[in-house]
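In what follows, a single structure is set out as structure tokens and then discussed.
Count residues from 1 along the sequence.
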Amino acid sequence: MHSMTQYKKYPRSLTQFKTSNYVPGDHFTIPKKWDNFTMHAPLWKQTLDHFFAGGKDLKFLELGSGNGLCANYMLDNYDCHVDTIDIDENHIVPEANVSYIVSTISNLQPFISAGRCTFHHTTTKEFLLANQDKQYDFIYVDASHDREWVLYDAVNAFPLLKDDGLMIFDDYGMKDCKKGVDAFLSCFDKFVEIFYVDWQLMLRKKQNLQTQ
């Protein structure tokens, strides 16, 4: 296995985004093809502003850090702390006969240093099992897209979501991912209010849930 130190950081001069909806700070670098978020930024602004405008010390959970673009958006726009979880931290990008590295930690570093973000280099299963006492205002489910793991993440993350909290699932347009989300919704339908369905699915956790 090669050491990650041999790779140069993917340069900002090559970094591009698919839209101008959101551009993070100069610390952030990715190839354009890895921008899977900026197209969602206008909808997220509308939705998160509705739930969290003026909110202080909000707690956000992201299952599936990817390259850190979504977390940067949340941290740039809301007074929040983000716990973000992923089994991958370094991503190699071959480009023009050079292999660069995209580091999720580097892309989150200003917020980590400020104590506003914690990157958990682990599986979602391990994190959720160890943190059932935590409570979050918002949970973004975007880790594994296998139906079984989507279902697992949803079921085990849901108790961590505060009443009236927001949960967003990415890639609902993918067949296997959709099956996992639908399985969760079929069991928890009376506990949630779904208010947006497209490539992403958004829901609110109803207040004053009663244990049956």
Side-chain angles (χ1 to χ4, degrees), residues 36-37 40-41 43-53 55-66 68-87 104 108 111 116-172 174 177-178 180-209:
N36 296 311
F37 177 74
H40 300 302
L43 177 62
W44 274 53
K45 176 173 173 50
Q46 181 182 2
T47 303
L48 270 66
D49 280 359
H50 173 78
F51 277 82
F52 306 122
K56 301 294 184 183
D57 194 27
L58 298 162
K59 307 300 181 188
F60 291 177
L61 172 63
E62 179 183 41
L63 302 180
S65 311
L69 183 54
C70 178
N72 270 259
Y73 174 83
M74 293 187 285
L75 289 156
D76 271 339
N77 288 281
Y78 300 94
D79 184 350
C80 65
H81 181 278
V82 174
D83 280 318
T84 184
I85 295 88
D86 211 302
I87 57 173
T104 305
L108 295 170
F111 304 106
R116 297 187 57 213
C117 179
T118 305
F119 175 77
H120 302 267
H121 193 186
T122 185
T123 65
T124 55
K125 178 181 180 180
E126 290 172 339
F127 178 86
L128 291 169
L129 286 176
N131 291 277
Q132 282 294 308
D133 58 332
K134 291 192 175 182
Q135 288 282 282
Y136 294 95
D137 300 282
F138 170 48
I139 299 177
Y140 184 37
V141 182
D142 185 27
S144 172
H145 297 95
D146 294 336
R147 61 182 181 180
E148 297 85 0
W149 283 109
V150 173
L151 175 59
Y152 181 94
D153 286 346
V155 169
N156 287 280
F158 194 68
L160 279 62
L161 185 63
K162 296 178 181 179
D163 286 357
D164 207 32
L166 170 66
M167 180 176 279
I168 297 179
F169 293 90
D170 193 26
D171 298 313
Y172 186 67
M174 295 176 61
C177 187
K178 181 179 186 299
V181 177
D182 286 346
F184 164 74
L185 295 174
S186 70
C187 295
F188 287 80
D189 60 312
K190 65 182 178 181
F191 301 127
V192 304
E193 176 190 355
I194 301 168
F195 60 87
Y196 181 85
V197 181
D198 199 320
W199 187 258
Q200 296 190 327
L201 183 145
M202 302 182 174
L203 61 83
R204 177 187 69 89
K205 184 176 184 178
K206 292 181 179 178
Q207 296 182 357
N208 303 318
L209 302 183

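Side-chain contact between Val192 and Met167 is absent, with no heavy atoms from C-beta onward closer than 4.5 Å. A heavy-atom distance below 4.5 Å is not found between the side chains of Phe52 and Asp79. For the pair Val141/Val181, no side-chain contact is recorded, criterion being any heavy-atom separation below 4.5 Å from C-beta on. Residues His120 and Asn131 have side chains not in contact (no heavy-atom distance under 4.5 Å, counting atoms from C-beta outward). Side-chain contact between Tyr73 and His40 is absent, with no heavy atoms from C-beta onward closer than 4.5 Å. Counting only heavy atoms from C-beta outward, the side chains of Leu108 and Asn72 approach each other to under 4.5 Å. You'll find the side chain of Tyr140 reaches within 4.5 Å of the side chain of Gln200, heavy atoms only. With contacts defined as side-chain heavy-atom distances shorter than 4.5 Å, the pair Arg204/Asp164 qualifies.
Atom CG of residue Leu61 and atom OG1 of residue Thr118 lie 11.0 Å apart, to the nearest 0.5 angstrom.
For the pair Asp86 and Gly66, the tightest heavy-atom approach, listed with the atom from each and the gap, is OD2-N, 3.0 Å. Taking every heavy atom of both residues into account, Asp198 and Tyr172 meet most closely at O-CD2, 3.6 Å. Closest heavy-atom contact between Cys80 and Leu75: O-CD2, 3.8 Å. Of all the heavy atoms in Thr84 and Ser65, the pair that sits closest is OG1-OG, 2.5 Å. Annotation for Phe184 and Phe158: closest pair CZ-CD1, 3.7 Å, computed over non-hydrogen atoms.
Formation of a donor-acceptor pair under 3.5 Å by the His121 side chain with backbone atoms of Ile87 is found in this model. No donor-acceptor pair under 3.5 Å is formed between the side chain of Ser144 and the backbone N or O of Val150.
Atom CD of Gln132 is surrounded by more than 12 heavy atoms from other residues, nucleotides or ligands within 6.0 Å. Other residues, nucleotides and ligands place more than 12 heavy atoms under 6.0 Å from the NZ atom of Lys59. Under a cut-off of 6.0 angstrom, the local environment of NE2 in His50 is sparse, with at most 12 non-hydrogen atoms contributed by other residues, nucleotides or ligands.
The ring pair (Phe, Tyr, Trp, His ring centres under 6.0 Å) with Trp44 is formed by just one residue from the set Tyr196, Tyr78, Phe51, Phe138; it is Phe138.
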